[in-house]
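What follows is one structure encoded as structure tokens, with my remarks underneath.
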Number of protein chains: 2
Amino acid sequence: MQFWFDFASTYSYVAALRVEDACARAGVTLSHRPFLLGPLFEQQLGIRDSPFNVHRERGQYMWRDLERLCEKYQLPWRRPAVFPRSSVLAARVACCAGAATGPLVRAIFRANFAEDQDIAQPEVLRALVDGIGGDGAQALELAASTEVRAQLRANTAEAIRLGIFGAPDFLAAGELFFGQDRLDDAIAWETTRGSPRPART
Amino acid sequence: MQFWFDFASTYSYVAALRVEDACARAGVTLSHRPFLLGPLFEQQLGIRDSPFNVHRERGQYMWRDLERLCEKYQLPWRRPAVFPRSSVLAARVACCAGAATGPLVRAIFRANFAEDQDIAQPEVLRALVDGIGGDGAQALELAASTEVRAQLRANTAEAIRLGIFGAPDFLAAGELFFGQDRLDDAIAWETTRGSPRPART
């Protein structure tokens, strides 16, 4: 199952901290797909801000809802001083994290939404990579490469092609599920209609 | 618990056909609150159409999602030929249905989203009221009264005051839950934080 997310997205934070355990319990293989909501919203809605800021009432609800969801799922939560934060650099770093993707994604989301750190800053990302046992300086260098920039652009283009219009999303057996509260539906879809997993050898 | 809905809203349909059983199982008293999304969207977003039509990609997803949800909850589903249908008259009829509110709400939603009937037409609503054992002609007369029109306007004003920005919503122990997929959360909130029910006598 593919997990599509943007590091600036509040509901993606909740999903990111739930999805790995949920997939592990169900025996579903998870694949992280960072992308950028910014170009997508600009193309689809003609806006250059979060819809939660543009639609004020929806935003007010979202902030309270996040408190409740984090309480429900026992996740740490601190409302970030800046929203949405630029997630371009974070997404690039996540694009080239290889086997460390899971821990890194969780660390970046926690920094933004539990510790109110500015994940747009290179030094913050460097420390986060170092903190999970990686090489932060090397990760930042790689993230700046033409290949990684192109990878993130390709992810965003693929998100648009898949019909994505917000985040987070789960792609399960070819079907899109939007919203963190559809995680269980997506896993059920994947387990009942996805291709059978290869037997363990 | 209060159930806020618009008869034009697809996700309200799913909620309307689930909410009564769910509340009954949990021992939660349910109160129906029909309102109009139209004036709300115009005021909050400056649009005079459904956001699912304005944001094309979100609409495409919604239509597929409704098929899946209706399959999951074993609800009949037929995509209506017109979307959104004018729900003003249907909401007025529901505002004055008294003890028949539950069956009438379900009948109107089924007509729109399972039978592709034009619920904007008085003769359709008359037949629906007759069909649940009421007096359709009398219901239409009452729905046209100044009092009932004022009641629906008051409902919509109250929805806006509560912070509602879409439908369906559940108001549980003073807290708003948006979206049919938060029905269980709303009921849990009501049962753990709502006022205790009076003992049965």
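No hydrogens, no waters, no symmetry mates; every other heavy atom, side chains included, goes into these values. Every chain is numbered from 1, with letters handed out A, B, ... down the list of sequences.
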Heavy-atom contact with chain A under 4.5 Å, split by part of B/Ile160:
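For B/Ile160, there is no contact with chain A at all, as no heavy atom is under 4.5 Å.
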When B/Arg58, B/Arg64, B/Arg68, B/His55 are compared by non-hydrogen pairs under 4.5 Å with chain A, the top option
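With the most close heavy-atom pairs to chain A, the winner is B/Arg68.
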Just give me the residue among B/Ile164, B/Leu69, B/Val54 that pairs up with chain A most often, heavy atom to heavy atom, under 4.5 Å.
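The candidate making the most pairs under 4.5 Å is B/Leu69.
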Looking at [X], I want to see if its [atom1] is surrounded by more than 12 non-hydrogen atoms of other residues, nucleotides or ligands under 6.0 Å.
X	atom1	value
B/Gln138	CD	no
A/Glu141	CD	no
A/Glu115	CD	yes
A/Gln74	CD	no

Taking every non-hydrogen atom, the tightest pair across A/Asp181 and B/Arg182:
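The answer is OD2-CD, 3.4 Å.
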Check for a donor-acceptor pair, side chain of A/Tyr61 on one end and backbone N or O of B/Phe165 on the other, with a separation under 3.5 Å.
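Absent.
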With a 4.5 Å cut-off on heavy-atom pairs, point out which of A/Gln60, A/Glu57, A/Lys72 contacts chain B the most.
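That would be A/Glu57.
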Option that, when pairs with chain B are counted at under 4.5 Å, heavy atom only, ranks first among A/Trp189, A/Phe178, A/Phe177:
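Of A/Trp189, A/Phe178, A/Phe177, A/Phe177 has the most heavy-atom pairs under 4.5 Å with chain B.
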Pick one of side chain, backbone, both or neither for A/Leu176, based on which atoms fall under 4.5 Å of a heavy atom in chain B.
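Contact with chain B: backbone and side chain both.
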